[in-house]
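Everything below concerns the one structure shown next.
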Amino acid sequence: MGQTEKPAIRKTIRRHQLREMVPLADSTIYEMEQRGEFPRRFALSPRCVVWDLAEVEAWLMARRATPIRLAQHPDVTKRKSRPVRGRG
């Protein structure tokens with residue numbers, strides 16, 4: 001008889017555990033999932049949705065490794081209300 005391989009059991013986390021690890025709103029997580037920027041959730045039952053813990057941890061490590069790009073400052077001289085005059 002051939003040796004059967006047992007599938008690896010992966011640890012999963014529920015929404016409240018995910019929110020403790022990832023401080024993002026549910027809507028932000030959902031949008032990131034739709035764009036493919038966050039690990040996908042899957043249903044264990046019709047009322048139980050979970051995420052793979054290893055995938056979430058890998059996503060967190062990748063986010064920590066990439067530097068944060070700072071937003072550019074707006075050009076306040078082009079504002080219509082309360083424009084700032086140039087110096088000089």
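We number each residue from 1, following the sequence as shown. No experiment lies behind these values; they were computed from the predicted model shown.
Atoms CZ and CG, on Phe38 and Leu24 in that order, are 7.0 Å from each other to the nearest 0.5 Å. Atom OH of Tyr30 is separated from atom CZ of Arg35 by 12.0 Å, given to the nearest 0.5 angstrom. A distance of 12.0 Å separates CG of Leu60 from CD of Glu55, quoted to the nearest 0.5 Å. In this structure, CZ in Arg41 is found 13.0 Å from CZ in Arg14, a value given to the nearest 0.5 Å.
Residues Leu18 and Ile29 approach most closely at CD2-CD1, 3.9 Å, considering heavy atoms. Scanning all heavy atoms of the two residues, the minimum distance from Glu57 to Met21 falls at CG-CE, 4.0 Å.
Follow the hydrophobic side-chain contacts under 4.5 Å out from Met32 and you reach Ile13 in the same cluster.
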Quiz item: What's the verdict on side chain to side chain contact (heavy atoms under 4.5 Å, CB included) for Glu37 and Glu31, showing C-alpha distance, side-chain angles and the deciding distance?
Solution: CA-CA 9 Å; Glu37 299 172 4; Glu31 289 172 3; over 6 Å; no

Exercise. Could you please spell out the steps behind the side chain to side chain contact (heavy atoms under 4.5 Å, CB included) verdict for Arg19 and Arg15?
Key: CA-CA 6 Å; Arg19 294 288 304 276; Arg15 184 180 311 274; 4.2 Å; yes

Exercise. Report the C-alpha distance between Glu33 and Trp51 in whole Å, list the side-chain angles of each, state the deciding distance to 0.1 Å, and finish with yes or no for side chain to side chain contact (heavy atoms under 4.5 Å, CB included).
Key: CA-CA 11 Å; Glu33 282 179 331; Trp51 286 261; 2.8 Å; yes

Exercise. Begin from the C-alpha positions of Leu53 and Thr12 and carry the test side chain to side chain contact (heavy atoms under 4.5 Å, CB included) through to its verdict.
Key: CA-CA 5 Å; Leu53 179 61; Thr12 59; over 6 Å; no

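In this structure a side-chain-to-backbone donor-acceptor pair under 3.5 Å is missing from Trp59 to Ala54.
The 12-atom threshold is exceeded at CZ of Phe42, counting heavy atoms of other residues, nucleotides or ligands nearer than 6.0 Å.
A salt bridge does not link Asp52 to Arg40: none of the charged nitrogens lies less than 4.0 Å from a carboxylate oxygen.
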